[in-house]
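Chain letters run A, B, ... following the sequence lines, proteins first and then strands; every chain starts at 1. None of these values were measured; they are calculated from a predicted model. Keep in mind that the numbers below use all heavy atoms, side chains included, and drop hydrogens, waters and symmetry copies.
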Amino acid sequence: MQDQTPSSTVDRTVAYDFAAIEARWQRLWDDTGAFRVEDVPTDGKPKYYVLEMFPYPSGNIHMGHVRNYTLGDVVARYKRATGYNVLHPMGWDAFGLPAENAARERKVHPAEWTWRNIDAMRAELQRMGLSIDWTREFATCDPSYYGQQQKLFLSFMRMGLVDRRLSWVNWDPVDETVLANEQVVDGRGWRSGAPVEKRQLAQWFFRITKFAPELLEALPGLDRWPDRVRAMQSKWIGRSEGARVRFALADPVGEIGNVEVYTTRPDTLFGMSFLAVAPEHPLAAAATAADPAAAAFVAECRALGTSEAAIEGAEKRGYDTGFKVRHPFDGRVVPVWIANFVLMEYGTGAIFGCPCGDQRDLDFARKYGLDVVPVVLPPGEDAASFQIDTKAYDGPGEMINSGFLDGVSSSDAVKTVIQRLTEGGQGNGVTNWRMRDWGVSRQRYWGCPIPVVHCPSCGVVPVPEAELPVVLPEDVDFDLPGNPLDRHDAWRVVACPTCGGRAERETDTLDTFVDSSWYFARFCSPNAVEPVANAAAAHWMPVDQYVGGIDHAILHLLYARFFTRAMHAADIVDVDEPFAGLFTQGMVTHESYRAPDGRWLYPTEIERRPDGVVVEIATGGPVNVSAIDKMSKSKRNTIDPQEIIGRYGADTARWFVLSDNPPERDMEWTETGIAGAHRFTQRLYRLAQAIAERPDHGTSKTGVLTRAVHRTIASVTIALDQFAFNVAVARLHELLNAISDANRGLALADDAGAAEVRQAFDVFARLMAPMMPHLAAEILSQLHLTQGNAPDLTWPVADPALLVETTATIAVQVGGKLRGTIEVAVGASEETVLAAAAAEENVARLLAGKTIVKQIYVPGRIVSFAVKA
RNA sequence: GCCCGCCUGGCGGAAUGGUAGACGCGGCGGACUUAAAAUCCGCGGCUGUAAAAGGCGUGCCGGUUCGAGUCCGGCGGCGGGCACCA
């Protein structure tokens, strides 16, 4: 090991040659397998699993990746230094639509395109100097991964977690393909431009709703998740308590004798003035059959539904079907409307309208002249005069105009109504969930094949495990519209595993969210012959720290939580929650530039003149500097990480990304910021060399510098534990300034002082090592301070004795305002401190002639005199 | 419309209810240099003063407290998420 340490030639005239030095250390780490861990380690060390969301291999890494992987790497290296075995793997979320788009546009096979991108991006990531165990790398498009996923699918199928049913999709009639939401632009297919149709297809589903209660109940236990993410998930799952109410139609409509409604406010039933159904509701269908105007209205609603902008600003509209229902309690006859704001997917697809208690219902009633009867009296209002005008009241209160409920509180009324409905067989109390089952069918080639065959006589038959994986055929073409798997007879047509007759493979592939719902478990034993080796998962799961973007706050994290529970139920893992800790980072932003004619310009195409004016280099014309935006190709405001690393080095890029601001917020990439970070690394290197030249034979003393070192150890440790990396950077700046000052003021013969400075630098380098690993390793090696290899560095521990100060500066307030400070010995008695405070010149002046009504002393901090004249 | 987050110098930001503005970026002054760059040293909320003292200051208004950037109530602005969720 020792002889592999790079030679450290100190030449103080040469600036820090980051390119050579970073490459050298990376090679050493790679050659020695520095970051490799066992599937089931036996050395008795505690485990720590750090994972960043794995990247989609789009072609190149971007600044968002740099930020993401730097944050995770700091945690991984820090935990390793404090004595953990750290699992820190990397892989590729390699299935997905862009590969098929590339195939159509550039005639390159999705597999070839994907693997090429992976090779390029792996090299780019490796230049960042991440402490990753690359022996665990895999891509989800590899049959050795998706074959295991097919086994999981079949397990879930046996467990009753898989379902096949009809579902609506966006259908492009020209491309003969199902469109993703992002492929629908203004109601038209993005490529064909044809108006999108809604079509019903048989689709595969995971029954995630079976887990809805536990996915919700486990959220409070995820105490190392951001509150924000837990709140978003909770709302998405959307548990509500309410009632189903059956309304009998006054006259049956065909087969339909009644309409069922879901409500969270059964107490307001007497305020009902209409019933509204979704445009897709069977009763709406019945209305359209006989009434062309109703049909026209429903068609309008469908068209509106595809455009998001239209829904946003859509006014509440409806159509009176002429059907009537009977109120379950007072027997009133109430009209049935079709309304554009009622959703078929939620509840029963029908509501009762209570205008006084719901703003949407009120708007609707006012528009169409329906009754508005107040039924809940807000506290402090008078029943005789209370009116609903343009604002509905949805709070609690006393029931009025409500028959047998009058005088009861609205919360009691909920119970009473549910009881009455149940007794009368007109309804019952129910718990409703907003979350729907997870549709996993995709009519695409570049995804994991669903391992079933369709047999005309046996129906849906799972592919026997011995025949897995069902591998994607390679000889496909993308010249024709539709899914190439549908046209590939040699692949598609098979013998039925049960009866041996002619059958056909399922040609739907799985949603790529499935691929990312268990990859973290596969990383524990990436070569296992089963999806996950139990012993490895038992050791490493759950992920202790997961790091990624807030954009995955709901779907990816919820699906992964569902999968983990399902895998637990199948005895594959022994945890319920995949991610014990979650950190969500902000976006990377940058200024964007636009020429007067509207063209977006790359940062490299503009120049900032000394007078501050920004011009286009090519034309010399003025440039409009636009707002700080998320880096995006369309606005051309991206900064290429490779260019930055080439110019400044990986350590400098990492340092800037960490120092700019708190990592959960959006950061702004600035040229001055990265240049400043670069100056810091150069300064640090120069100082290290200056210190290296001093004689190295003294015994260190314990001076003010050593005390500063130990304070820094304590504060940096706390900062890293809290993900306050920008604060850790600030504390390290302070320490470097202190070391620099001490070194400058050192007499040539002061061997003890030199030893103190040297020792301070040793600690400094170890504290910064998680953030700038190459430079830290290089400096320690050059100073012959810590022998060996950066990953073997130990984290310094603060000596509590050196954190104790002998004197304290105490602030003195008079009347709540700061009027002076005093220096006192730590441990001085309260009387002594109060006397000293009162004697302070300025304080004494302000206290003169006043009466002290109260004096407060907070030891070590502050004295406060409350006075009156 | 609903939900969440944020608001502190020119800028990014720091601050267990206890000296607001650490640290950095930019700026200004000085040293070095023929000069520039780099580097090194110093200054730095606003106002006020010869210098002090003092006054004002964490989006706005109010409250709790000896003491509020921090806690509570209200208002405003900015950003993000969403499937109009009955």
At under 4.0 Å between heavy atoms, what does [X] touch on the DNA or RNA strands: base, sugar-phosphate, or nothing?
| X | value |
| --- | --- |
| A:Val342 | base |
| A:Gln813 | base |
| A:Arg230 | nothing |
| A:Thr670 | nothing |

Return the nearest nucleotide to the side chain of A:Arg228; candidates are B:C66, B:C4, B:G54.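 Nearest nucleotide to the side chain: B:C4.
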Report the C-alpha distance between A:Phe206 and A:Tyr559 in whole Å, list the side-chain angles of each, state the deciding distance to 0.1 Å, and finish with yes or no for ring pair (Phe, Tyr, Trp, His ring centres under 6.0 Å). CA-CA 10 Å; A:Phe206 282 145; A:Tyr559 294 153; 8.9 Å; no
Syn or anti conformation of B:G9, syn meaning chi within 90° of 0: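 Syn for B:G9; the angle stays within 90° of 0.
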Heavy-atom check, side chain of A:Arg265 versus side chain of A:Val376, under 4.5 Å: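 A side-chain contact under 4.5 Å exists here.
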Taking side chain as C-beta onward, heavy atoms only, is A:Val261 less than 4.5 Å from A:Val277?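 SC-SC contact between A:Val261 and A:Val277 ruled out.
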A:Glu841 atom CD: more than 12 heavy-atom contacts under 6.0 Å: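 Incorrect, the count does not exceed 12.
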Rounded distance in Å - CD (A:Glu241) to P (B:C85):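 To the nearest whole Å, that distance equals 19 Å.
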If I take atom CG in residue A:Leu818 and atom P in nucleotide B:G55, what distance separates them, rounded to the nearest angstrom?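 Atom-to-atom, A:Leu818 to B:G55, this comes out as 11 Å.
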Can you tell me, in whole Å, how much space there is between the P of B:G69 and that of B:G63?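 Here B:G69 and B:G63 have their P atoms 15 Å from each other.
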